[in-house]
**Student:** 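Questions regarding the structure given below will be posed in turn.
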Amino acid sequence: MPLGQGPYKLRADVVPVNSEMTVFPGVHAANFCVCTSGGGARALTHTMGVYRALQEMGIMEQLDGISSVSGGTWASSIYMFAREFQGEAIEASALLGARTRPEHLTLQALREEAPPMARGITKGNSSQLLWQYAGSHRDNEVWAHVVADLILQPFGLESFECCVAESEEEVKRIKEENPGIQGVPFHVPRRDRPKLFVMNGALLAPSNHGISGDSVVSFQMSPDYSGSPFYPKDQVLRFTPDVTYQPVPLCCIYPCWRKALTLSIGGGFIETFAFGGDAPEAEAQRGGKVEVPTPDTSFSLPEMVGISSYAPASSFSNRLLTSWWLNIRKKYWAICSNTCPSAQEAHEYQMGDGGAIDNSGLLPLLQRRSRKVIWIASSYRPLQDYDFEGATIDNFDPDAAGVIDQLSSLFGYGLNDQDEGYFYANNQVFKKSQLLPICRKLFALKSSGKPMVLKESLDVLPNSYWGIRGDYQVSFVLIYLDECAEFQQQLPQEVRDEIAKGPNGMLENYPIYKTTGNNKEDMLGLNTAQVNLLAAQGEYAVRQNAHLFRELREITQPHLPTILRGPSSPDKVAK
């Protein structure tokens, strides 16, 4: 039964998360986590290889959470939810593929079927799917349906009528509290996976209104709760954290008949199964176990994965025709508090790729005060032959050096690009002076032919736009995708020859495949050899630095009591 055919009201938990109430609900207090970046099929493939090695090392089972963006969400959603592949039960070792050694990766071996996690992107049919769904669905639904077919369908996860919840026990609780939705199906993550899973998207702007660097905020989707924590640039009791959206012009004509909207945004979460409906009564918007209007449709896993990976949405948002026809839209309303006292009606918001505001997935973990992070950065460009040693803190230019912005923006080098739809100017959480030494280490690793993997411990700075309190230290191991001569030198000669062919060979652009259009007539996909080789490099990078991951795992942090809030229990202190 579709959710929209159920009762008029749902009973659900609304949880404020703001500068006065900083505690995240349920399993969201996560200490040891992975964040994995965007990058389409390249990111899915690289993440798969890293996960393969971490799984065999026993680290995946020790993680508290995963925070993913775009192509990283493609990989992580499969890892978290897949119980079957093409109708047969599947476990992690089979899902991620067998262990590899570079010297065994002959051309014949590379042409063998990709592991199930990446099998969908090797079919060569992504362009066909785009045209197929463009002709049979409303334009703003096309992307989610393509993602459902390409990424989720082999695992039986493609249904748009299934809601999502944290566990079977939570599904039982939800249905007991809402007897009218007994027939609604649910997907839940596997029990043998990390408890926290955040799929990162961006809350762009209400329909027919444009975006700016100070209005785009993080939209976080998890099996248990979804929403936007904190208020941008929150200053308690000093001003209401409102955001003003300007109407989008039509053919360069400013639409004076449409007024600008000034709205509150952020402030917390609602249980995911109840997200997407009209706003409840004013008092219910302040939090608690409340009645909320039933959404017209289920907020399904394909929609979440689609939102997290819909990169064009942010650039489409400032063009009336593309924002209306092509962008994914859902109803959204802010959570009220003393900082944001006025209730407001729901507005239909455009939603898109989390990479529009943070392509690393790290900032949502810092909001939750995670202290140990494995950071998978699936780079879209190589580090350049830049004079890192001659550079100073004052004249260092990360862009000229080829440093990816998911890294540089966290050190205060982030910029807003309205036309391209990237908004990184509000992302600084580390001292600016600390980036150059890190880049020198990365470049030294690349120059020596080693995998670009390093471990750092940095003090976290407060960031009011993201609601990050700072004043603590995070340790991370960064896995930075780039050319690895040591790995390539161990490959069979025939494979090295194939790489050297460049655009004339089957490994074009290895290892940094284009996010879209790497292969002709397959807009989103990669071929089997490309997948198998890049995944093997990601796996190799982890294995060659196994000691760093073990050191990270063993880091002990001062124990801080954590308040756990759940939908069916009062606040309690975790021991």
**Student:** Can you tell whether the side chains of R191 and E169 come within less than 4.0 Å, N to carboxylate O?
**Tutor:** yes

**Student:** Do H28 and L196 come close enough that some side-chain heavy atom pair is under 4.5 Å?
**Tutor:** yes

**Student:** Check K123 against P154 and note the closest heavy-atom contact, atom names and distance.
**Tutor:**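 Closest pair (atom of K123, atom of P154, distance): NZ-CG, 4.4 Å.
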
**Student:** Look only at the side chain of S228 and the backbone of S218, and say whether a donor-acceptor pair between them is shorter than 3.5 Å.
**Tutor:** yes

**Student:** Using modelled atom types only, decide if a donor and an acceptor are shared between the side chain of N359 and the backbone of S37 within a distance under 3.5 Å.
**Tutor:** no

**Student:** Do D405 and Y422 pass the side chain to side chain contact (heavy atoms under 4.5 Å, CB included) test, and can you show the C-alpha distance, the side-chain angles, and the key distance before you say yes or no?
**Tutor:** CA-CA 10 Å; D405 38 27; Y422 296 107; 5.7 Å; no

**Student:** Between Y310 (side chain only) and I328 (backbone N and O only), is there a donor and an acceptor less than 3.5 Å apart?
**Tutor:** no

**Student:** Between L454 and N545, is any pair of side-chain heavy atoms under 4.5 Å apart?
**Tutor:**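 A side-chain contact is absent here, since even the closest heavy-atom pair is not under 4.5 Å.
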
**Student:** More than 12 non-hydrogen atoms from neighbouring residues, nucleotides or ligands closer than 6.0 Å to NZ on K195, yes or no?
**Tutor:** no

**Student:** Under 3.5 Å, is there a donor-acceptor pair linking the side chains of R496 and Q493?
**Tutor:** yes

**Student:** Would you call the rings of Y225 and F269 parallel, tilted or perpendicular, where under 30° means parallel and over 60° means perpendicular?
**Tutor:**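 Taking F269 first and then Y225, their aromatic rings stand perpendicular (interplane angle over 60°).
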
**Student:** Rounded to the nearest 0.5 Å, how far apart are CD of E103 and CG of L491?
**Tutor:**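 Taking CD in E103 and CG in L491, the distance rounds to 9.0 Å.
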
**Student:** Can you confirm whether F411 sits close enough to I438 that some side-chain heavy atom of one is under 4.5 Å from a side-chain heavy atom of the other?
**Tutor:**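 Yes, their side chains come closer than 4.5 Å.
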
**Student:** Within the distance-only criterion (no hydrogens, no angle test), does the side chain of S222 pair as donor or acceptor with the backbone N or O of D224 below 3.5 angstrom?
**Tutor:** no

**Student:** Would you please say whether a donor-acceptor pair under 3.5 Å links the side chains of N200 and T73?
**Tutor:** no

**Student:** Does the side chain of E483 come within less than 4.5 Å of Q488's, by heavy atoms?
**Tutor:**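 Yes. Closest side-chain heavy atoms under 4.5 Å.
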
**Student:** Measure across P364 and D358 and return the closest heavy-atom pair with its distance rounded to 0.1 Å.
**Tutor:**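 Here P364 and D358 meet closest at CD-OD2, 3.6 Å.
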
**Student:** Could you pull out the closest heavy-atom pair between L204 and G352, with the gap in Å?
**Tutor:** CD1-N, 3.8 Å

**Student:** Go through the structure and list residues passing side-chain hydrogen bond (donor to acceptor under 3.5 Å, both in side chains) with K446, not counting sequence neighbours.
**Tutor:**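 If we apply the side-chain hydrogen bond (donor to acceptor under 3.5 Å, both in side chains) test to K446, skipping adjacent residues, the hits are D482.
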
**Student:** Give me the atom names and distance for the closest heavy-atom approach of A114 to N532.
**Tutor:** CA-OD1, 3.6 Å

**Student:** Charged N to carboxylate O under 4.0 angstrom, R543 versus E539?
**Tutor:** yes

**Student:** Taking all atoms of both residues into account, what is the closest heavy-atom pair of S68 and S308, and its distance?
**Tutor:**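 Heavy atoms of S68 and S308 come nearest at O-OG, 4.1 Å.
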
**Student:** Dump the intermediate steps for side-chain hydrogen bond (donor to acceptor under 3.5 Å, both in side chains) on D149 and Q132, then the final yes or no.
**Tutor:** CA-CA 11 Å; D149 199 316; Q132 173 187 328; 4.9 Å; no

**Student:** Can a salt bridge be assigned to the pair E91 and R190 using a cut-off of 4.0 Å between side-chain N and carboxylate O?
**Tutor:**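 So E91 pairs with R190 through a salt bridge.
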
**Student:** Under a 4.0 Å N-O cut-off, is there an ion pair linking R381 with D399?
**Tutor:**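 Yes, charged N to carboxylate O under 4.0 Å.
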
**Student:** Say you draw a straight line from CG of L442 to CE of M452; how long is it, rounded to the nearest 0.5 Å?
**Tutor:**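 So the CG of L442 and the CE of M452 are separated by 4.5 Å.
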
**Student:** Is there a donor-acceptor pair closer than 3.5 Å between any side-chain N or O of S67 and the backbone N or O of C35?
**Tutor:**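 No, the answer is negative, given that no donor and acceptor are paired below the 3.5 Å cut-off.
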
**Student:** Quick one, L534 with L481, criterion side chain to side chain contact (heavy atoms under 4.5 Å, CB included). Give me CA distance, side-chain angles, the key distance, then yes/no.
**Tutor:** CA-CA 10 Å; L534 177 55; L481 174 61; 3.7 Å; yes

**Student:** Is R193 positioned over the aromatic face of Y79, cation under 6.0 angstrom from the ring centre and no more than 45 degrees off axis?
**Tutor:** yes

**Student:** How are the rings of F81 and H187 set relative to one another: parallel (under 30°), tilted (30 to 60°) or perpendicular (over 60°)?
**Tutor:**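 Perpendicular: the ring planes of F81 and H187 meet at over 60°.
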
**Student:** Could you go through the side chain to side chain contact (heavy atoms under 4.5 Å, CB included) check for Y510 and N518 one step at a time?
**Tutor:** CA-CA 10 Å; Y510 169 79; N518 193 79; over 6 Å; no

**Student:** Between CZ of F160 and CG of L152, what distance do you get to the nearest 0.5 Å?
**Tutor:** 8.5 Å

**Student:** Do L383 and Y480 have side-chain heavy atoms sitting under 4.5 Å apart?
**Tutor:** yes

**Student:** Under 3.5 Å, is there a donor-acceptor pair between the side chain of N527 and the main chain of Q530?
**Tutor:**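 Yes; at least one donor-acceptor contact below 3.5 Å.
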
**Student:** Does the side chain of T100 come under 3.5 Å of the side chain of Y540 through a donor N or O and an acceptor N or O?
**Tutor:**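 There is no such pair between these side chains.
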
**Student:** Any chance you could measure M506, atom CE, to L526, atom CG, to the nearest 0.5 Å?
**Tutor:**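 It is 13.0 Å, given to the nearest 0.5 Å.
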
**Student:** For the residue pair V188 and R83, establish whether any side-chain heavy-atom pair is separated by less than 4.5 Å.
**Tutor:** yes

**Student:** Side chains of Q220 and Q367: do they bring a donor and an acceptor to under 3.5 Å?
**Tutor:**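 Yes - a donor-acceptor pair under 3.5 Å links their side chains.
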
**Student:** Fit a plane to each ring of F388 and Y386, take the angle between them on a 0 to 90° scale, and name the class: parallel (under 30°), tilted (30 to 60°) or perpendicular (over 60°).
**Tutor:**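 Aromatic pair F388/Y386 classed perpendicular.
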
**Student:** Decide side-chain hydrogen bond (donor to acceptor under 3.5 Å, both in side chains) for R52 and Q55; before the verdict, give the C-alpha distance in whole Å, the side-chain angles of both, and the deciding distance to 0.1 Å.
**Tutor:** CA-CA 5 Å; R52 180 192 299 162; Q55 182 76 28; over 6 Å; no

**Student:** Rounded to the nearest 0.5 Å, how far does OH of Y51 lie from NE2 of H46?
**Tutor:** 11.5 Å

**Student:** CZ/F476 to CZ/F430 distance, rounded to the nearest 0.5 angstrom?
**Tutor:**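 One gets 5.5 Å once the value is rounded to the nearest 0.5 Å.
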
**Student:** Using a strict threshold of under 4.0 Å (side-chain N to carboxylate O), is an ion pair present between E498 and K501?
**Tutor:** yes

**Student:** Answer yes or no: is there a donor N or O on one side and an acceptor on the other, between the side chain of K330 and the main chain of M351, under 3.5 Å?
**Tutor:**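 No, K330 side chain to M351 backbone: no donor-acceptor pair under 3.5 Å.
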
**Student:** Using side-chain heavy atoms (C-beta onward) and a distance below 4.5 Å, is L407 in contact with S360?
**Tutor:** no

**Student:** Evaluate the side-chain hydrogen bond (donor to acceptor under 3.5 Å, both in side chains) criterion for residues S309 and W143: first the C-alpha distance (whole Å), next the side-chain angles of each, then the deciding distance (0.1 Å), finally the verdict.
**Tutor:** CA-CA 9 Å; S309 60; W143 179 255; 3.2 Å; yes

**Student:** Taking the side chain as everything from C-beta on, heavy atoms only, tell me whether I121 gets closer than 4.5 Å to L524.
**Tutor:** no

**Student:** Sub-3.5 Å donor-acceptor pair from the side chain of E494 to the main-chain atoms of L107, do we have one?
**Tutor:** yes

**Student:** Report the residue from K175, K172, E166 that forms a side chain to side chain contact (heavy atoms under 4.5 Å, CB included) with F186.
**Tutor:** K175

**Student:** Among N427, V429, V217, which residue meets the side chain to side chain contact (heavy atoms under 4.5 Å, CB included) test with W466?
**Tutor:**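 So, applying the side chain to side chain contact (heavy atoms under 4.5 Å, CB included) to W466 and each of N427, V429, V217, only N427 qualifies.
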
**Student:** When you measure from the side chain of T515 to the backbone N and O of G40, does any donor-acceptor pair fall under 3.5 Å?
**Tutor:** no

**Student:** Identify the two heavy atoms, one from G72 and one from A43, that lie closest to each other, and give their separation to 0.1 Å.
**Tutor:** N-CB, 3.8 Å

**Student:** Counting N and O atoms only, with roles assigned by atom type, does the side chain of Y472 sit under 3.5 Å from a partner on the main chain of S370, one being a donor and the other an acceptor?
**Tutor:**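 Judged by distance alone, yes, a pair lies under 3.5 Å.
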
**Student:** For E84, does the CD atom sit with more than 12 other heavy atoms under 6.0 Å from it, leaving out its own atoms?
**Tutor:**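 More than 12 heavy atoms, drawn from other residues, nucleotides or ligands, come within 6.0 Å of this atom.
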
